[in-house]
Amino acid sequence: MDAFMKRAVELANESVKDGGQPFGAVLVKDGKIISEGINELHKKYDISGHAELIAIRKAQEQLQTLDLSGCTMYASGEPCPMCMTAIYFSGIQKVYYCGSVEDAQDAGLGKSVYVYSQLALPRNQRDIDMEQMPLIEGMSNPLKNWKDREPK
């Protein structure tokens with residue numbers, strides 16, 4: 001097993017010993033670990049406190065950038081849809097993982113399979129009711145404001 005994946009699995013096992021879920025993540029750039037994370041849901045009561053997101057947050061703060069292209073994620077488990085979204089948005093292009101979302105489901109941690117299936121559906125067929133609301137007349141459009149802003 002690769003040393004980086006070994007570290008991600010060690011973090012996951014440490015998390016379990018600490019009362020947390022079995023997930024650890026290591027973010028690597030240029031052959032060096034730049035950040036690590038474990039699921040912190042049990043510590044901070046934050047549903048977004050997943051190992052991959054913690055590692056991404058730490059790396060972005062440390063490097064003072066949103067762009068993590070050139071980084072590789074090593075995760076003890078296949079990233080959930082929320083973590084995959086952050087991986088896409090941050091520019092990470094390679095992810096290695098051990099346990100699949102199906103393995104997590106078998107262990108009693110099955111939301112990822114459900115969410116992946118929901119996201120594959122058209123908005124009007126998902127279990128969460130979503131309805132687009134137009135801007136109120138005369139209200140400033142933040143997307144237009146973003147598009148029209150002065151480049152920085």
Side-chain angles (χ1 to χ4, degrees), residues 1-121 123 126-128 130 132 140-152:
M1 178 180 283
D2 180 285
F4 301 129
M5 183 58 76
K6 183 177 178 188
R7 180 62 183 147
V9 172
E10 286 172 355
L11 289 167
N13 283 317
E14 289 172 18
S15 178
V16 171
K17 286 179 188 172
D18 189 40
Q21 293 181 343
F23 301 107
V26 173
L27 200 55
V28 174
K29 185 169 186 165
D30 299 325
K32 296 178 184 171
I33 294 175
I34 58 170
S35 64
E36 299 179 339
I38 63 163
N39 273 37
E40 295 183 351
L41 282 70
H42 66 296
K43 292 181 178 182
K44 299 192 177 183
Y45 302 96
D46 174 4
I47 199 68
S48 71
H50 288 201
E52 298 90 338
L53 292 178
I54 301 299
I56 288 170
R57 288 177 190 144
K58 287 178 179 178
Q60 288 177 327
E61 184 175 355
Q62 175 189 333
L63 300 174
Q64 292 293 287
T65 185
L66 298 176
D67 182 8
L68 296 178
S69 56
C71 293
T72 302
M73 177 71 71
Y74 292 81
S76 63
E78 183 176 358
C80 75
M82 177 175 58
C83 293
M84 279 306 300
T85 300
I87 288 166
Y88 275 106
F89 282 152
S90 68
I92 297 168
Q93 295 175 310
K94 183 71 178 179
V95 177
Y96 294 98
Y97 65 91
C98 279
S100 69
V101 294
E102 293 82 10
D103 294 334
Q105 185 175 35
D106 290 345
L109 300 163
K111 290 238 176 170
S112 290
V113 172
Y114 166 73
V115 175
Y116 271 122
S117 69
Q118 284 289 298
L119 292 175
L121 296 172
R123 283 193 283 286
R126 295 179 190 160
D127 289 345
I128 294 176
M130 294 179 61
Q132 185 176 12
S140 182
N141 184 329
L143 293 174
K144 182 180 180 324
N145 292 340
W146 171 260
K147 184 177 178 182
D148 295 345
R149 77 191 184 292
E150 291 292 321
K152 293 185 179 186

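Counting begins at 1 with the first residue of the sequence. Values below: all heavy atoms of this structure, side chains included; hydrogens, waters and symmetry mates excluded. Just so it is clear, the structure is predicted and the values come from calculations on it, not from any experiment.
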Once you round to the nearest 0.5 Å, how far does [atom1] of [X] lie from [atom2] of [Y]?
X: H50; Y: C80; atom1: NE2; atom2: SG; result: 5.0 Å
X: M73; Y: I92; atom1: CE; atom2: CD1; result: 4.0 Å
X: Y116; Y: L121; atom1: OH; atom2: CG; result: 15.0 Å
X: K17; Y: E14; atom1: NZ; atom2: CD; result: 7.0 Å
X: F23; Y: L53; atom1: CZ; atom2: CG; result: 12.5 Å
X: C71; Y: K94; atom1: SG; atom2: NZ; result: 14.5 Å

If every non-hydrogen atom of [X] is compared with every non-hydrogen atom of [Y], which pair is closest and at what distance?
X: K29; Y: G70; answer: CG-O, 3.9 Å
X: G77; Y: E52; answer: O-OE2, 3.6 Å
X: F4; Y: V26; answer: O-CG2, 3.9 Å
X: A59; Y: I34; answer: CB-CD1, 3.9 Å
X: L11; Y: G24; answer: CB-CA, 4.0 Å
X: P81; Y: V115; answer: CG-CG1, 3.5 Å

In chain order, what residues pass the side-chain contact (heavy atoms from CB on, under 4.5 Å) check against A12, with sequence neighbours excluded?
-> S76

Paired with L27, the side-chain contact (heavy atoms from CB on, under 4.5 Å) test is passed by just one of I87, I33, L68, T72, namely L68

Taking [X] for its side chain and [Y] for its backbone only, find out whether a donor-acceptor pair lies under 3.5 Å.
X: R149; Y: W146; answer: yes
X: D103; Y: S100; answer: yes
X: E78; Y: Y97; answer: no

Chi angles and distances behind the side-chain hydrogen bond (donor to acceptor under 3.5 Å, both in side chains) call for T65, D67 = CA-CA 5 Å; T65 185; D67 182 8; 5.4 Å; no

Only counting residues at least two apart or in another chain, list the ones meeting salt bridge (Lys or Arg N to Asp or Glu O under 4.0 Å) with D46.
-> none

Residue set satisfying salt bridge (Lys or Arg N to Asp or Glu O under 4.0 Å) with K43, at least two apart, ordered chain then number -> D18

Tell me, yes or no, whether the heavy-atom count around R126 atom CZ, taken from other residues, nucleotides or ligands under 6.0 Å, exceeds 12.
-> yes

Would you find more than 12 non-hydrogen atoms of other residues, nucleotides or ligands less than 6.0 Å from I47 atom CD1?
-> no

Salt bridge (charged side-chain N to carboxylate O under 4.0 Å, His left out) contacts touching residues 30-40 (sequence neighbours left out) | R7-E36, E40-K44

Of all residues at least two apart in sequence or in a different chain, which pass the side-chain hydrogen bond (donor to acceptor under 3.5 Å, both in side chains) check with Q21?
-> N39

side-chain hydrogen bond (donor to acceptor under 3.5 Å, both in side chains) partners for N141, two or more places apart | none

Where do S15 and H42 land on the side chain to side chain contact (heavy atoms under 4.5 Å, CB included) test, with the steps shown first?
-> CA-CA 10 Å; S15 178; H42 66 296; 4.3 Å; yes

